[in-house]
Amino acid sequence: MTFAFLLESHFMPRSRTLHPLRRSELPQDAAELARFLIGKTLVRELRRNGETRRILARIVETEAYVPGDAAAHSFIGQTARNRSLFLERGHAYVYFCYGMHYMLNVSAEAEGTGAGVLFRAAEPLEGAERMQGFRTARDPRKIASGPGRLARAMHVKRTLDGLDITHVGPLWIAAPLRPVGEIAISVRIGITKEAHRPLRFFERGNPAVSGPRHMNE
DNA sequence: AGCCAGATTTTCT
DNA sequence: GAAAATCTGGCTA
């Protein structure tokens, strides 16, 4: 059992050099990108009183929404809401769901093709207390366990929609800070269309992974 | 650990 | 006007 708050205090130096993953390093294929992102570092930079503060989290669960996928928001074609899914891979797609949650995705495939990857869960690495401050959660493992919780903990809002996350900025992706474990696959959560497709990826055994136990084996 | 209802608003038909 | 890539708290056991 590895807990984020232990890692932060014992393993991680206070400041370290992170470099963003270049777009050329990202697989173009949505399912491959979803798998690739497991173990990578999600970086959120927040401006507070003139200084920049970082939140770092390790991605532990993703879902792919692929071309021609009836469950994907891009399936109906490009609209005002989903246009970011049609950008070149590596751009944020943020939408508002169930009247109270933001969902963070990254675009996949070629420019003009609608597809993306949903960030479903992450393990806090740095700034866990700040992440917790954005929520009212008590269990540290659940701070960013679930797409709505993740977005809330990382302070992700619709203002980040369309952002290129392959460059240093308010939100970007960096190389892993710790090796990735075994990656497991399941069907996706919370959808009704194309619900049988094995497009959910997660790090097996990681306590920050969301979803019912029977889907996490 | 699992089931259920209620919250709440954007988006598209 | 209905559905939605969800979360929380309360209940049962």
Side-chain angles (χ1 to χ4, degrees), chain A residues 1 29-38 42 57 59-87 89 91-109 113-124 131-162 165 171 184-202 205-217:
Chain A
M1 292 280 244
D29 180 88
E32 285 180 30
L33 178 61
R35 169 187 274 273
F36 170 86
L37 288 171
I38 302 297
L42 191 56
I59 299 159
V60 300
E61 181 184 348
T62 60
E63 277 177 0
Y65 289 85
V66 303
D69 176 359
H73 284 186
S74 50
F75 187 69
I76 58 172
Q78 193 169 336
T79 66
R81 173 174 73 159
N82 70 18
R83 65 189 162 75
S84 298
L85 286 174
F86 293 80
L87 297 174
R89 67 190 187 279
H91 290 83
Y93 167 52
V94 181
Y95 72 94
F96 195 54
C97 185
Y98 288 112
M100 56 184 88
H101 305 291
Y102 291 98
M103 303 283 131
L104 173 62
N105 302 251
V106 60
S107 63
E109 306 289 341
T113 299
V117 173
L118 170 68
F119 292 92
R120 281 200 59 92
E123 171 189 336
M131 294 173 76
Q132 204 151 19
F134 293 135
R135 341 183 341 91
T136 52
R138 320 133 305 275
D139 186 343
R141 292 171 296 184
K142 293 189 177 154
I143 291 175
S145 178
R149 291 169 177 164
L150 184 152
R152 186 168 171 192
M154 304 291 285
H155 215 248
V156 168
K157 298 273 162 49
R158 180 91 178 141
T159 52
L160 296 178
D161 184 63
I165 66 172
L171 182 73
I185 304 176
S186 80
V187 296
R188 294 172 292 184
I189 292 179
I191 57 169
T192 53
K193 299 168 203 153
E194 309 227 15
H196 62 285
R197 301 184 74 167
L199 291 171
R200 172 175 176 258
F201 301 85
F202 58 97
N206 190 300
V209 169
S210 79
R213 193 181 200 91
H214 70 269
M215 290 189 67
N216 294 338
E217 290 166 358

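All values below were derived from every heavy atom in this structure, side-chain atoms included, with hydrogens, water molecules and symmetry-related copies excluded.
- In this structure, A:Leu104 places its CG atom 15 Å from C1' of C:dT6, rounding to the nearest Å.
- With sequence neighbours left out, A:Asp161 forms a salt bridge (charged side-chain N to carboxylate O under 4.0 Å, His left out) with A:Arg83, A:Arg158.
- The pair A:Asp29-A:Arg89 does not count as a salt bridge, with every side-chain nitrogen at least 4.0 angstrom from each carboxylate oxygen.
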Quiz item: A:Arg200 and A:Val209: side chain to side chain contact (heavy atoms under 4.5 Å, CB included), yes or no, with the steps?
Solution: CA-CA 11 Å; A:Arg200 172 175 176 258; A:Val209 169; 3.6 Å; yes
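- In this structure, A:Pro212 and A:Ala80 both approach DNA chain B, and ranking their closest nucleotides by distance from the 5' end singles out A:Pro212.
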Practice problem: Take A:Val60 and A:Phe202 through the side chain to side chain contact (heavy atoms under 4.5 Å, CB included) test and state the conclusion after the steps. | Solution: CA-CA 5 Å; A:Val60 300; A:Phe202 58 97; over 6 Å; no
Quiz item: Does the side chain to side chain donor-acceptor pair (under 3.5 Å) test come out yes or no for A:Thr62 and A:Arg120, once each step is laid out?
Solution: CA-CA 5 Å; A:Thr62 60; A:Arg120 281 200 59 92; over 6 Å; no
Practice problem: Convert the base pairs of DNA chain C into dot-bracket notation, remembering that pairs crossing earlier ones are written with [ ] and that bases paired across to another strand are shown as |; include only Watson-Crick or G-U pairs under 3.5 Å. | Solution: ||||.|||||||.
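- Taking 4.0 angstrom as the limit, A:Thr79 places a side-chain polar atom (N or O) nearer than this to OP1 or OP2 of B:dC12.
- The stretch residues 65-72 of chain A comes close to DNA chain C through A:Tyr65, A:Ala71, each having a heavy atom under 4.0 Å from the strand.
- Taking a cutoff of 4.0 Å between a charged side-chain nitrogen and a carboxylate oxygen, A:Arg188 and A:Glu63 do not qualify as a salt bridge.
- Applying the salt bridge (Lys or Arg N to Asp or Glu O under 4.0 Å) test to pairs two or more places apart or on separate chains, none has a residue in residues 205-217 of chain A.
- A:Arg188 comes within contact range of no nucleotide atom at all, as no heavy-atom separation falls under 4.0 Å.
- Residue A:Arg149 has a polar side-chain atom (N or O) positioned under 4.0 Å from OP1 or OP2 of C:dT8.
- Contact annotation: A:Thr192 does not reach the phosphate of C:dA3 (side-chain N/O to OP1 or OP2, under 4.0 Å).
- A:Arg81 places its CZ atom 13 Å from the C1' atom of B:dT13, with the value rounded to the nearest Å.
- What separates CE of A:Met103 from P of C:dA3 is a distance of 19 Å, to the nearest Å.
- Applying the side chain to side chain donor-acceptor pair (under 3.5 Å) test to A:Glu194 and every residue at least two apart in sequence or in another chain returns A:Arg197.
- Distance CG (A:Asn82) to P (C:dA3): 21 Å, rounded to an integer number of Å.
- Residue A:Asp69 holds its CG atom at 7.5 Å from OG of A:Ser74, rounded to the nearest 0.5 Å.
- Within residues 92-102 of chain A, the residues having any heavy atom closer than 4.0 Å to DNA chain B are, in order of number, A:Phe96, A:Tyr98, A:Gly99, A:Met100.
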Quiz item: Please walk me through it: do A:Tyr65 and A:His73 pass ring-ring contact (aromatic ring centres under 6.0 Å, His included)?
Solution: CA-CA 8 Å; A:Tyr65 289 85; A:His73 284 186; 7.5 Å; no
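- One atom, CZ of A:Phe75, and another, P of B:dC12, lie 15 Å apart when rounded to the nearest Å.
- For A:His73 and C:dT6, the NE2 to C1' distance is 12 Å, given to the nearest whole Å.
- Relative to the side chain of A:Arg213, the nucleotides B:dT11, C:dA5, B:dA1 differ in distance, and B:dA1 lies closest.
- Rounded to an integer number of Å, the gap from A:Leu85 CG to B:dT11 P is 14 Å.
- Separating the CZ atom of A:Arg152 from the P atom of B:dA7 is a distance of 17 Å, rounded to the nearest angstrom.
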Quiz item: Yes or no on side chain to side chain contact (heavy atoms under 4.5 Å, CB included) for A:Leu42 and A:Met154, after CA distance, side-chain angles and deciding distance?
Solution: CA-CA 9 Å; A:Leu42 191 56; A:Met154 304 291 285; 3.8 Å; yes
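- A tilted orientation is assigned to the rings of A:Tyr102 and A:Phe96, their planes being inclined by 30° to 60°.
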